Amino acid sequence: MAIKIEKKITGYNVVKPEDKVAATPVTAAASKETTTAEVIQMHESVERPETLVGSTFKIKSPLFEHALYVTINDIVLNAGTPHELRRPFEIFINSKNMDHFQWIVALTRILSAVFRKGGDVTFIVEELKAVFDPRGGYFKAGGVYMPSIVAEIGSVVEQHMKNIGLIHDPEMDAATRQLIADKRAAYEQAGAKKKADVTAAPVGAASAATTPAETESSGFPPGATLCQKCNTQALVLMDGCQTCLNCGYSKCG
Ligand SMILES: [Zn+2]
């Protein structure tokens, strides 16, 4: 079938079998299917609209003299329809620090290209978070360990993808949540008891009872070590077994 092209060609795509199905003449029976086929997904020839919505995150790392500002802009596909989707479209990282300029530019260009390619782009989060700095990482507020600045950029991308509904936190089931709460209560009680035993004087016992276990700003007991599962300083020794008070991980199963 020959088709006369009236307009100037600005781009082209190879027709895939599923496109042929969508392009077949609309019959009464097929009309329902064609409406669902019109839902636009992210793909490499989606053009950038004039305006994009986005968020900017600030990263302050002891490895960097100046803060990094990470901006992720999203494209809204199928706006105003029940199929409205928000997908990351581009990423920019700004900093006063010029030492890292070239790799940051390279990273943001590649990430933006991955975003525009479409498909499942959430894999980049794990790729970035797995990068470690051989000079050592650092702890964030809340006791979360960042193995590198790249890993922190990865966690920012993850946070953004959670905000726009692209990544969903695995729902922690009620049983696990209860287990963690129980373990935590038991740990704090044990700590309070130990304290009371050491300072047997009535005054000491009273003060120990009011502060069951000192907790740092992170909310986990001091001396907690790094959990290898959730990268949080929340691993405590309970009944001779390393137990994480953040994710429930236990070395003894
Ligand atoms: Zn954990």
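Note that this is a predicted model, so its numbers are computed, not measured.
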Legend entry - Separation of R86 CZ from E84 CD (nearest 0.5 Å): 9.5 Å

Legend entry - Note, V70 side chain near I72 side chain (heavy atom, < 4.5 Å): yes

Legend entry - A130: partners by side-chain contact (heavy atoms from CB on, under 4.5 Å), with sequence neighbours left out: none

Legend entry - Results of side-chain contact (heavy atoms from CB on, under 4.5 Å) for A186 - residues two or more places apart only: M238

Inset, instruction - Using the side chain to side chain contact (heavy atoms under 4.5 Å, CB included) rule, take L128 and L111 through it: C-alpha gap first, then chi angles, then the decisive distance, then the call. - result: CA-CA 10 Å; L128 295 175; L111 287 178; 4.2 Å; yes

Legend entry - Rounded distance [0.5 Å steps], NZ in K183 versus OG1 in T243: 4.5 Å

Inset, instruction - List for me each residue that meets side chain to side chain donor-acceptor pair (under 3.5 Å) alongside T71, sequence neighbours excluded, and say none if there are none. - result: T56

Inset, instruction - Only counting residues at least two apart or in another chain, list the ones meeting ring-ring contact (aromatic ring centres under 6.0 Å, His included) with F139. - result: Y145

Legend entry - Pair V156-I59, side chain to side chain contact (heavy atoms under 4.5 Å, CB included): steps then yes or no: CA-CA 8 Å; V156 159; I59 294 179; 3.7 Å; yes

Legend entry - Contact summary for G165 and H168, nearest pair of heavy atoms: O-NE2, 3.2 Å

Inset, instruction - For M42 and L77, work out which heavy atoms get closest and say how close. - result: N-CD1, 3.5 Å

Legend entry - Student check: side-chain heavy atoms of T232 and L226 closer than 4.5 Å: no

Legend entry - Any M161 side-chain heavy atom under 4.5 Å of V125 side chain: yes

Legend entry - Backbone of A234 reached by a side-chain donor or acceptor of N246 within 3.5 Å: no

Inset, instruction - Indicate, with yes or no, if F57 and I153 share a hydrophobic cluster defined by side-chain heavy-atom contacts under 4.5 Å among Ile, Leu, Val, Met, Phe, Trp and Tyr. - result: yes

Inset, instruction - Decide yes or no for P88 and L166: does some side-chain heavy atom of the first lie under 4.5 Å from some side-chain heavy atom of the second? - result: yes

Legend entry - side chain to side chain contact (heavy atoms under 4.5 Å, CB included) between L52 and I75, intermediate numbers included: CA-CA 6 Å; L52 294 175; I75 187 168; 4.1 Å; yes

Inset, instruction - Would you mind reporting whether Q41 and V39 have side-chain heavy atoms less than 4.5 Å apart? - result: yes

Legend entry - Same cluster (ILVMFWY, side-chain, under 4.5 Å), L63 and I93: yes

Legend entry - CG-CD1 distance between L107 and I124, expressed to the nearest 0.5 angstrom: 8.5 Å

Inset, instruction - Only counting residues at least two apart or in another chain, list the ones meeting salt bridge (charged side-chain N to carboxylate O under 4.0 Å, His left out) with K117. - result: E44

Inset, instruction - Give the intermediate values and the outcome of side chain to side chain contact (heavy atoms under 4.5 Å, CB included) for residues L235 and C227. - result: CA-CA 5 Å; L235 208 60; C227 167; 4.2 Å; yes

Inset, instruction - Using a cut-off of 6.0 Å, state whether more than 12 heavy atoms not belonging to D239 lie near its atom CG. - result: no

Inset, instruction - Not counting sequence neighbours, list each pair that qualifies as a side-chain hydrogen bond (donor to acceptor under 3.5 Å, both in side chains) and has a residue in residues 149-167. - result: D74-H160, K129-E158, Y138-E152, K140-E152, Q159-N163, K162-D169

Legend entry - Hydrophobic cluster membership, I167 vs V144, 4.5 Å side-chain cutoff: yes

Inset, instruction - Not counting sequence neighbours, list each pair that qualifies as a ring pair (Phe, Tyr, Trp, His ring centres under 6.0 Å) and has a residue in residues 103-134. - result: H100-W103

Legend entry - All side chain to side chain donor-acceptor pair (under 3.5 Å) counterparts of T122, not counting sequence neighbours: D120

Inset, instruction - With rounding to the nearest 0.5 Å, note down the distance linking OG in S95 to OH in Y69. - result: 8.5 Å

Inset, instruction - With sequence neighbours excluded, tell me which residues meet salt bridge (charged side-chain N to carboxylate O under 4.0 Å, His left out) with D133. - result: R135

Legend entry - C230 vs C244 side-chain heavy atoms within contact, under 4.5 Å: yes

Legend entry - Set of residues satisfying side chain to side chain donor-acceptor pair (under 3.5 Å) with respect to R48, sequence neighbours excluded: E90

Inset, instruction - State, with a plain yes or no, whether a side-chain heavy atom of L68 is found less than 4.5 Å away from one of I104. - result: yes

Legend entry - CZ/R177: more than 12 non-hydrogen atoms of other groups inside 6.0 Å: yes

Inset, instruction - Hey, could you give me the CG/CD1 distance between N73 and I91, rounded to the nearest 0.5 Å? - result: 9.5 Å

Legend entry - Those residues that, when tested against H66, pass side chain to side chain donor-acceptor pair (under 3.5 Å) (two or more places apart): none

Inset, instruction - Measure the shortest side-chain to side-chain distance between F220 and Q233 over non-hydrogen atoms and say whether it is less than 4.5 angstrom. - result: no

Inset, instruction - Please confirm whether the backbone N or O of C252 pairs with a side-chain atom of S250, one donor and one acceptor, at under 3.5 Å? - result: yes

Legend entry - Within one Ile-Leu-Val-Met-Phe-Trp-Tyr cluster: L85 and I164, side-chain cutoff 4.5 Å: no

Inset, instruction - State, to 0.1 Å, how close I40 and V46 come at their nearest heavy-atom pair, and which atoms those are. - result: CG2-CG2, 4.4 Å

Legend entry - Path from F92 to V114 over hydrophobic side-chain contacts below 4.5 Å: no

Inset, instruction - With rounding to the nearest 0.5 Å, note down the distance linking CG in N231 to CE in M146. - result: 7.5 Å

Inset, instruction - Only counting residues at least two apart or in another chain, list the ones meeting side-chain contact (heavy atoms from CB on, under 4.5 Å) with S45. - result: N13, H43

